[in-house]
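These numbers come from the heavy atoms of this one structure, side chains and all, not from hydrogens, waters or symmetry mates. Keep in mind that what you see is a predicted model, and the values were worked out from it rather than measured.
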Amino acid sequence: MLEQLLPMIAPAFEAHFSGVLFYGVLILLGLGIGFLTGFFGVGGGFLSVPLLNIILGIPYEIAVGSDLSFIIGNSSSGLLRQSKLGKVEYMAVGCIAIGSIAGSVAGDEIQDLLINAVAGGNREIFTSIMHGLFIVLLAATIYIVLRGPRESVSGRTILQRIKIGPSVDLKHPGL
């Protein structure tokens, strides 16, 4: 029985840690990322995928698939909490979900393209590219958070001024 369960609970790759320490670090990462997601509304794959690779040595392809799986639980618990507080715009959720599904498929294809075409199938080159991208995105995020919100002269952001259809008008009570 144990021989049948072991492949399901043991990593199928060479990680930096093993055994109880591996799973303990995963739990701590999940706790930290869950906190950041709940507190700032960001985190998810942006933090967890690179951290799974950097801290634990999980290959990016496995980290992405694993992240997409546990985001379901993370997002569901957040949705339930925010829904009880009346802070969910379901029309927006539906629109974002449609885009997220298409974006996930496209991102997976781009990842395969990067691995094969740009990195020549070399996982180390691909990992270096991903680490560089993570550092740039993290630096940009820190800059935007520290800079604080900015309003344009017209009261609308650049994206709000671009006229691209179809337009969706989300009625928000109380505004």
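Under the side chain to side chain contact (heavy atoms under 4.5 Å, CB included) criterion, Ile144 pairs with Arg147, not counting sequence neighbours. Listed by chain and number, the residues in a ring pair (Phe, Tyr, Trp, His ring centres under 6.0 Å) with Tyr60 are Phe126, His131 (sequence neighbours excluded). A search for salt bridge (charged side-chain N to carboxylate O under 4.0 Å, His left out) contacts involving Arg123 returns Glu61, not counting sequence neighbours. Residues passing the side-chain hydrogen bond (donor to acceptor under 3.5 Å, both in side chains) test with Ser83, sequence neighbours excluded: Tyr90.
By the 4.5 Å heavy-atom criterion applied to side chains, Leu26 and Leu52 are counted as neighbours. Leu29 is listed as a side-chain neighbour of Leu56, based on a closest heavy-atom distance under 4.5 Å. Using a 4.5 Å heavy-atom threshold, the side chains of Tyr143 and Leu138 count as separate.
For the residue pair Ile125 and Ala119, the shortest heavy atom distance occurs at CG2-CB, 3.7 Å.
Ile142 and Leu51 fall within the same hydrophobic cluster, defined by Ile, Leu, Val, Met, Phe, Trp and Tyr side-chain heavy atoms under 4.5 Å apart, directly or through other members. A continuous path of hydrophobic side-chain contacts links Ile55 to Leu21 [ILVMFWY only; heavy atoms under 4.5 Å]. There is no path of hydrophobic side-chain contacts, each under 4.5 Å, that joins Ile135 to Val64.
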Please step through side-chain contact (heavy atoms from CB on, under 4.5 Å) for the pair Ile54 and Phe134, ending with a clear verdict. CA-CA 11 Å; Ile54 293 166; Phe134 173 64; 4.3 Å; yes

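Distance alone, capped at 3.5 Å, places no donor-acceptor pair between the Asp67 side chain and the Ser48 backbone.
Membership of an apolar cluster is not assigned to Ile27, as no side-chain contact below 4.5 Å to another ILVMFWY residue is traced.
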Show me, pair by pair, the donor-acceptor contacts under 3.5 angstrom made by side chains of residues 108-117, not counting sequence neighbours?
residue: Asn116; atom: ND2; partner: Asp112; partner atom: O; Å: 3.1

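Distance check: Leu79 CG to Lys84 NZ gives 11.0 Å after rounding to the nearest 0.5 Å.
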